[in-house]
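Note sheet for the following structure.
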Amino acid sequence: MYREKKTKEYTLPPLPNAEKGKVVTRFPPEPNGYLHIGHAKAAIMDYEYAKLYDGKFILRFDDTNPDKDKLEFYDAQKEDLQWLGIEWDEEYNTSDHLSKHYKLAEQLIQQGDAYVCNCTPEEIKKNRKNRIACKCRSNSIEENLELWEGILSHLTGYILRLKGDMKSDNTAMRDPTLFRIIETPHPIQGDKYRVWPTYDFAGAVEDSISGVTHPFRTKEYELRDECYFYLLDKLGLRRPYLLEFSRLSIEGMPVSKRKINPLIEKGVVTGFDDIRLPTLRGLKRRGITKQAIRNFVISQGVSKTEATVSFSLLEAENRKILDPIARRFFFIKDPIKLIVENAPEKKKAIPYHPSNRELGERIFETDKIFYIPFEDIDSLREGVIFRLKDLFNIRILEKNKVVYGEYIGEELIPDTLRIQWTTSRYIPITVFIPHSLYINDEFNENSLEEIHGIAEESIKNTSHGEIIQFERFGFVRIEHTDKGIIGFFTHR
RNA sequence: GCUCCCGUGGUGUAGUCCGGUCAAUCAUUCCGGCCUUUCGAGCCGGCAACUCGGGUUCGAAUCCCGACGGGAGCACCA
């Protein structure tokens with residue numbers, strides 16, 4: 001009987017200030033692209049912590065920038081999350097709450113805590129740098145209220161700013177922008193609104209009013225913490241327990257759109273599901289399992305230490321998942337013909353897995369013709385004995401364009417090389433091997449290696465998307481296409 | 001440049017808040033051995049770390065100061 005391997009428990013460190021049943025977390029992606037491993041880290045943390053404390057997990061689309069957000073990504077991101085096995089208790093869009101945001105904005109203006117500004121971006125930038133207040137800052141509350149009304153309806157060139165502290169050492173406090181005008185139609189709200197809150201405003205407000213107790217964000221927002229709480233205090237809203245963690249970066253796998261998008265536009269990679277990419281779709285297509293991603297992410301934890309993780313850590317997790325369940329097949333890279341005149345004709349059943357018998361077996365019908373990897377035979381001299389794995393032993397008689405061999409029995413001989421093989425009934429197959437997309441910040445021209453070879457006939461029985469192991473080669477995810485069977489090399 | 005954050009073996013990570021039980025955890029890589037009809041998996045063993053310098057203390061990976069190194073922010077993006 002095949003026995004289940006003992007699995008390591010993956011657990012998260014305790015959450016500060018957390019009470020069972022009362023924890024609420026949220027994952028707030030912006031619907032402007034496909035999710036990648038970095039998003040997965042955040043989403044899994046949010047989800048797992050909610051689960052750990054029997055709490056609630058909210059999916060919130062931070063769709064407050066119509067210039068960037070696209071309808072297709074709401075669903076695409078949900079698909080990605082579902083693939084990861086993440087379930088949310090509640091889902092909504094920040095854009096659904098805009099009228100509420102407007103009310104809060106008005107409250108700030110009325111309290112004298114926000115003002116309308118029509119300085120140019122350059123002036124604002126300069127003043128921030130020099131810690132100088134602009135003339136707009138001294139607008140009266142009445143003026144601001146009136147301008148705000150105007151902005152909501154027709155005025156252009158204005159923004160709403162928080163009256164923070166222009167003298168603060170923290171640049172995020174130097175009167176950050178709260179609302180700006182964007183005329184582009186919103187993917188969901190259409191042209192209903194033309195004034196949109198910025199992240200500083202929307203993020204803080206939504207975390208608070210949606211009842212989130214433990215919002216996680218990545219470290220680059222740290223400077224904005226002060227602003228986050230200042231705003232909530234001014235609005236009289238509850239302060240959540242804000243937590244930050246470092247971004248996840250994987251060696252040779254850029255996560256930023258700045259680096260990925262150009263490659264897609266130029267057609268250098270095939271799309272967002274290219275197997276060289278750290279997008280969830282890319283990883284999936286390559287054969288990385290969701291369990292591996294989860295274990296990997298949890299093992300990273302939520303520390304603030306920046307780390308560049310080697311992909312081999314993810315591979316190791318994936319291998320633990322795949323090894324017990326992946327069917328084994330024979331694949332021959334650079335096949336060379338082997339003729340064995342005295343070979344007995346055999347009908348041989350070979351299991352698909354060395355220990356997991358549930359995976360069944362396939363039957364080979366052999367004659368005197370075989371195909372074996374050139375690389376293996378190249379390293380052997382004439383006269384040497386090797387074994388066709390799971391079949392019988394061969395002595396090499398002659399090596400030329402074709403190899404001639406002699407059948408010399410079936411008993412196992414210790415320490416003989418055992419190599420994979422096919423009969424003449426093979427299936428041609430192309431395997432794509434991903435390598436680092438970038439090497440020292442330069443695009444790696446050889447990031448996608450293409451290998452041609454042949455596989456045993458029963459490879460036809462694989463399902464589309466099945467992840468298998470080619471013996472002595474590595475794990476491969478199989479796709480059946482119009483042009484035949486292709487494989488994506490997952491890892492060794 | 002200014003401000004903030006981070007700094008445990010090759011790589012990641014636990015421990016740092018509440019100093020002693022840390023001659024420092026776990027994983028991965030690498031190196032041996034065992035096992036195995038895969039150069040896979042499994043099992044056993046091994047190498048290998050608290051950035052540096054001061055200070056506080058009976059005692060510091062843990063607290064304080066400084067230096068150095070790395071990262072981030074300085075948007076009408078999130």
Euclidean distance for [atom1], [N] against [M] (whole angstrom):
| N | M | atom1 | answer |
| --- | --- | --- | --- |
| B:rU21 | B:rU16 | P | 13 Å |
| B:rU62 | B:rG19 | C1' | 6 Å |
| B:rC44 | B:rU8 | C1' | 27 Å |
| B:rC6 | B:rA67 | C1' | 16 Å |
| B:rC47 | B:rG32 | C1' | 10 Å |
| B:rG66 | B:rC58 | P | 24 Å |

Report the residues that fulfil side-chain contact (heavy atoms from CB on, under 4.5 Å) with [X], sequence neighbours left out, ordered by chain and then residue number.
| X | result |
| --- | --- |
| A:Ser138 | none |
| A:Val255 | A:His36, A:Ile37, A:Pro278 |
| A:Lys257 | A:Asn32, A:Asn261 |
| A:Leu380 | A:Ile377, A:Val384, A:Phe386, A:Ile396, A:Leu417 |

Hey, would you say the [X] and [Y] ring centroids sit under 6.0 Å apart?
| X | Y | result |
| --- | --- | --- |
| A:Tyr92 | A:His97 | yes |
| A:Tyr221 | A:Tyr199 | yes |
| A:Phe475 | A:Phe489 | no |
| A:Phe201 | A:Phe179 | yes |

Round to a whole Å and report the spacing from [atom1] of [X] to [atom2] of [N].
| X | N | atom1 | atom2 | value |
| --- | --- | --- | --- | --- |
| A:Asp323 | B:rU36 | CG | C1' | 12 Å |
| A:Arg247 | B:rG71 | CZ | P | 14 Å |
| A:Arg357 | B:rA41 | CZ | P | 23 Å |
| A:Lys320 | B:rG40 | NZ | P | 16 Å |
| A:Met45 | B:rU13 | CE | P | 11 Å |
| A:Glu251 | B:rU28 | CD | P | 18 Å |
| A:Phe475 | B:rU38 | CZ | P | 14 Å |
| A:Ile468 | B:rU38 | CD1 | P | 17 Å |

N/O to N/O distances under 3.5 Å, protein versus nucleotides 76-78 of chain B:
from: B:rC76; atom 1: OP2; to: A:Arg128; atom 2: NH1; distance (Å): 3.3
from: B:rC76; atom 1: N4; to: A:Cys119; atom 2: O; distance (Å): 3.4
from: B:rC77; atom 1: OP1; to: A:Arg180; atom 2: NE; distance (Å): 3.0
from: B:rC77; atom 1: OP2; to: A:Arg180; atom 2: NE; distance (Å): 2.2
from: B:rC77; atom 1: OP2; to: A:Arg180; atom 2: NH2; distance (Å): 2.8
from: B:rC77; atom 1: O5'; to: A:Arg180; atom 2: NH2; distance (Å): 3.4
from: B:rC77; atom 1: O3'; to: A:Arg180; atom 2: NH2; distance (Å): 2.8
from: B:rA78; atom 1: OP1; to: A:Thr64; atom 2: OG1; distance (Å): 3.4
from: B:rA78; atom 1: OP1; to: A:Arg180; atom 2: NH1; distance (Å): 3.0
from: B:rA78; atom 1: OP1; to: A:Arg180; atom 2: NH2; distance (Å): 2.4
from: B:rA78; atom 1: OP2; to: A:Tyr199; atom 2: N; distance (Å): 2.9
from: B:rA78; atom 1: N3; to: A:Tyr221; atom 2: OH; distance (Å): 3.0

A:Asn93 side-chain N/O to A:Phe61 backbone N/O, donor-acceptor pair under 3.5 Å:
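Judged by distance alone, no pair lies under 3.5 Å.
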
Of all pairs that satisfy side-chain hydrogen bond (donor to acceptor under 3.5 Å, both in side chains), the ones with a partner from residues 170-184 of chain A, not counting sequence neighbours
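Only A:Asp67-A:Thr184, A:Tyr115-A:Asp175, A:Arg137-A:Asp175, A:Asn170-A:Glu226, A:Glu183-A:Arg194 qualify under side-chain hydrogen bond (donor to acceptor under 3.5 Å, both in side chains).
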
Kindly state each residue pair satisfying side-chain hydrogen bond (donor to acceptor under 3.5 Å, both in side chains) with at least one member in residues 411-422 of chain A, sequence neighbours excluded.
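Applying side-chain hydrogen bond (donor to acceptor under 3.5 Å, both in side chains) to every pair that reaches into residues 411-422 of chain A, excluding sequence neighbours, yields A:Gln420-A:Arg472.
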
Between the base of B:rU37 and the side chain of A:Arg387, is one N or O donor paired with an acceptor at under 3.5 angstrom?
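It does, because a donor-acceptor pair links the side chain of A:Arg387 to the base of B:rU37 below 3.5 Å.
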
Check: A:Gln469 side chain, B:rU38 base, donor-acceptor under 3.5 Å
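Counting by modelled atom types and ignoring angles, a donor-acceptor contact under 3.5 Å is found here.
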
What is the ring orientation for A:His214 with A:Tyr241, classed by angle as parallel under 30°, tilted 30 to 60°, or perpendicular over 60°?
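The arrangement is tilted - the two ring planes meet at 30° to 60°.
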
Angle between ring planes, A:Phe329 versus A:Tyr352, binned at 30° and 60°: parallel, tilted or perpendicular?
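Because their plane-to-plane angle lies in the 30° to 60° range, the rings of A:Phe329 and A:Tyr352 count as tilted.
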
Results of ring pair (Phe, Tyr, Trp, His ring centres under 6.0 Å) for A:Phe57 - residues two or more places apart only:
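A:Tyr47.
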
Residues in ring pair (Phe, Tyr, Trp, His ring centres under 6.0 Å) contact with A:Phe374, at least two apart in sequence or another chain:
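Counting only residues at least two positions away or on another chain, A:Phe374 forms no ring pair (Phe, Tyr, Trp, His ring centres under 6.0 Å).
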
Would you say A:Ser310 places a side-chain N or O within less than 4.0 Å of OP1 or OP2 belonging to B:rU29?
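For A:Ser310, the contact criterion (side-chain N or O under 4.0 Å from OP1 or OP2 of B:rU29) is not met.
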
Indicate, with a heavy-atom threshold strictly under 4.0 Å, whether [X] touches base, sugar-phosphate, or nothing.
| X | result |
| --- | --- |
| A:Thr416 | nothing |
| A:Pro354 | base |
| A:Arg174 | nothing |
| A:Asp376 | base |
| A:Ser246 | nothing |

Whom does [N] pair with, Watson-Crick or G-U wobble, provided both distances fall under 3.5 Å?
| N | value |
| --- | --- |
| B:rU37 | none |
| B:rC74 | B:rG1 |
| B:rC17 | none |
| B:rC68 | B:rG7 |
| B:rC50 | none |

Just checking, is any N or O donor in the side chain of A:Thr94 or A:Asp63 under 3.5 Å from an acceptor N or O on the other one?
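No, no side-chain donor-acceptor contact under 3.5 Å.
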
Does a donor on one side chain and an acceptor on the other come within less than 3.5 Å for A:Thr120 and A:Glu123?
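Per modelled atom types, A:Thr120 and A:Glu123 side chains form a pair under 3.5 Å.
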
What are the atom names and distances for every N/O pair under 3.5 Å that joins the protein to nucleotides 1-6 of chain B?
from: B:rC5; atom 1: O4'; to: A:Glu222; atom 2: OE1; distance (Å): 3.3
from: B:rC5; atom 1: O2'; to: A:Lys219; atom 2: NZ; distance (Å): 3.3

Of the options B:rU28, B:rG40, B:rG12, whose atoms approach the side-chain atoms of A:Gln300 most closely?
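Of the candidates, B:rG12 comes closest.
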
Compare the minimum distances between each of B:rU13, B:rU29, B:rU37 and the side chain of A:Arg319, then state the nucleotide with the smallest one.
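When the side chain of A:Arg319 is considered, B:rU29 is the closest of B:rU13, B:rU29, B:rU37.
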
Could you list the protein-to-nucleotides 63-67 of chain B atom pairs, N/O on both sides, closer than 3.5 Å?
none

What N/O pairs connect the protein and nucleotides 15-17 of chain B at under 3.5 Å? Give each pair on its own line.
none

